[in-house]
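Since the structure comes first, as structure tokens, the remarks are kept for the end.
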Amino acid sequence: MQDPRSHTCCFSGYRPEKMPFRTYDPDAVQALEAALDRAVEHAVSQGYHTFLSGMAAGFDIWAAEAVIRARAHHDIRLLCAVPHDHQSDRFPPSWKKRYNVCLVNSDAVRVFASNYFSGCFSVRNRFMVDSSSLLICYFDGQAGGTAQTVHYAQGSGLRIINLSPRAYDQLSLL
């Protein structure tokens, strides 16, 4: 029997305020969404059919939306890995709406804690990496949860596609 990780991809990236562009810059957001669409399509072409999103505002939700768009053409699954029940309580209304749309359109939701605790995001991130063989990320070197996740994924032997322009344009090589 084949290891389910071989067909599972997870995402990690920054919240809107850490992105190098302004989220009200529609051209920059559209370019990132297009890059995510290409990355998901490439993953599907490589046999990936299960995608894990940590559902934070910003990159995680953009990634979940890319998977939802790709489901119009592919038989793939979106799994939402939610660190705690109240994750979206402090999201601005527009992100909270997008979060809820993604949850409703997902195939499964896994919640790791009923309430926030120090380390619940790390537990969620390790679960996603431990369940996957591919990480699609947006990482330009900033410290934080994305850095920890990328370094853990590297140490765990995952293939990594980094959509940050500060990395190299890996999607142009696809």
Side-chain angles (χ1 to χ4, degrees), residues 3-71 73-74 76-83 87 95 98-99 102 106 120-174:
D3 183 353
R5 293 179 303 162
S6 66
H7 300 291
T8 303
C9 171
C10 62
F11 300 99
S12 185
Y14 302 130
R15 290 181 174 88
E17 61 273 11
K18 285 186 80 173
M19 296 302 284
F21 56 83
R22 303 287 186 246
T23 56
Y24 54 81
D25 178 349
D27 292 336
V29 172
Q30 187 175 32
L32 178 59
E33 289 172 336
L36 274 163
D37 288 341
R38 288 190 304 274
V40 169
E41 286 292 328
H42 177 70
V44 171
S45 76
Q46 298 295 304
Y48 289 88
H49 54 68
T50 302
F51 295 84
L52 297 171
S53 172
M55 297 306 295
F59 188 81
D60 291 358
I61 289 177
W62 284 317
E65 291 170 338
V67 173
I68 291 167
R69 285 190 298 275
R71 284 171 36 180
H73 309 287
H74 303 288
I76 58 176
R77 300 179 67 213
L78 172 63
L79 307 178
C80 297
V82 176
Q87 179 182 18
W95 283 109
R98 294 168 84 167
Y99 173 90
C102 290
S106 71
C120 66
F121 289 94
S122 181
V123 168
R124 178 219 40 208
N125 294 343
R126 286 182 170 269
F127 165 81
M128 292 194 316
V129 169
D130 290 343
S131 300
S132 302
S133 62
L134 174 65
L135 170 67
I136 298 172
C137 66
Y138 191 103
F139 176 61
D140 63 8
Q142 295 180 62
T146 297
Q148 293 170 0
T149 302
V150 169
H151 293 131
Y152 184 64
Q154 288 171 327
S156 298
L158 271 68
R159 289 182 44 230
I160 298 174
I161 296 175
N162 188 349
L163 302 182
S164 169
R166 290 192 183 165
Y168 52 92
D169 184 4
Q170 295 180 24
L171 288 181
S172 68
L173 303 174
L174 303 179

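- Listed here is the closest heavy atom pair of Cys137 and Phe59: C-CZ, 3.8 Å.
- For the pair Arg98 and Trp62, the minimum side-chain heavy-atom distance is below 4.5 Å.
- The side-chain heavy atoms of Phe121 and Pro83, taken from C-beta on, include a pair separated by under 4.5 Å.
- Atom CZ of Phe11 is separated from atom OG of Ser53 by 7.0 Å, given to the nearest 0.5 angstrom.
- Taking CG of Asp130 as the reference point, atom OG of Ser156 lies at 6.0 Å (rounded to 0.5 Å).
- Heavy-atom minimum distance, Asp60 versus Gly13: OD1-N, 3.9 Å.
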_Run Leu36 and Leu163 through side chain to side chain contact (heavy atoms under 4.5 Å, CB included) and show every step you take._
CA-CA 8 Å; Leu36 274 163; Leu163 302 182; 3.8 Å; yes
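- No donor-acceptor pair under 3.5 Å is formed between the side chain of His49 and the backbone N or O of Arg77.
- Across all their heavy atoms, Ile160 and Val150 have their closest contact at CD1-O, 4.1 Å.
- None of Leu79, Asp3, Leu52 except one satisfies the side chain to side chain contact (heavy atoms under 4.5 Å, CB included) rule with Thr8; the exception is Leu52.
- One distance of note links OH of Tyr99 with SG of Cys80; it measures 8.0 Å at 0.5 Å rounding.
- Here the closest non-hydrogen pair linking Tyr138 and Thr146 is O-CG2, 3.7 Å.
- For the atom pair CG (Leu158) and OG (Ser12), the distance works out to 11.5 Å, reported to the nearest 0.5 Å.
- The side-chain tip of Arg159 does not point at the ring of Tyr48 from less than 6.0 angstrom away and within 45° of straight on.
- At a cut-off of 3.5 Å, with distance as the only test, a side-chain donor of Asn125 or Thr149 sits close to an acceptor on the other residue.
- Shown here is Glu17, whose CD atom has more than 12 heavy atoms of other residues, nucleotides or ligands within 6.0 Å.
- Using modelled atom types, no side-chain atom of Arg15 and backbone atom of Ala56 make a donor-acceptor pair closer than 3.5 Å.
- What you find for Lys18 and Ala143 is that their closest heavy atoms are NZ-O, 2.7 Å.
- In this structure, CZ on Arg71 lies 7.5 Å from OG on Ser106, to the nearest 0.5 angstrom.
- Atom CG of Asp37 and atom CD of Gln30 lie 10.0 Å apart (nearest 0.5 Å).
- No donor-acceptor pair under 3.5 Å is formed between the side chain of His42 and the backbone N or O of Arg38.
- The shortest distance between side-chain heavy atoms of Ser45 and Glu41 does not fall below 4.5 Å.
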_Val44/Phe51 under side chain to side chain contact (heavy atoms under 4.5 Å, CB included): CA gap, chis, key distance, verdict_ = CA-CA 10 Å; Val44 171; Phe51 295 84; 3.9 Å; yes
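- Side-chain atoms of Glu33 never come within 3.5 Å of backbone atoms of Glu65 as a donor-acceptor pair (strictly under, hydrogens ignored).
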*Give the C-alpha distance, both sets of side-chain angles, the deciding distance and a yes or no for side chain to side chain contact (heavy atoms under 4.5 Å, CB included) between Leu32 and Met19.*
CA-CA 11 Å; Leu32 178 59; Met19 296 302 284; 3.5 Å; yes
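- Summarising the geometry of Met55 relative to Ala64, their closest heavy-atom pair is SD-CB, 4.1 Å, with the distance given to 0.1 Å.
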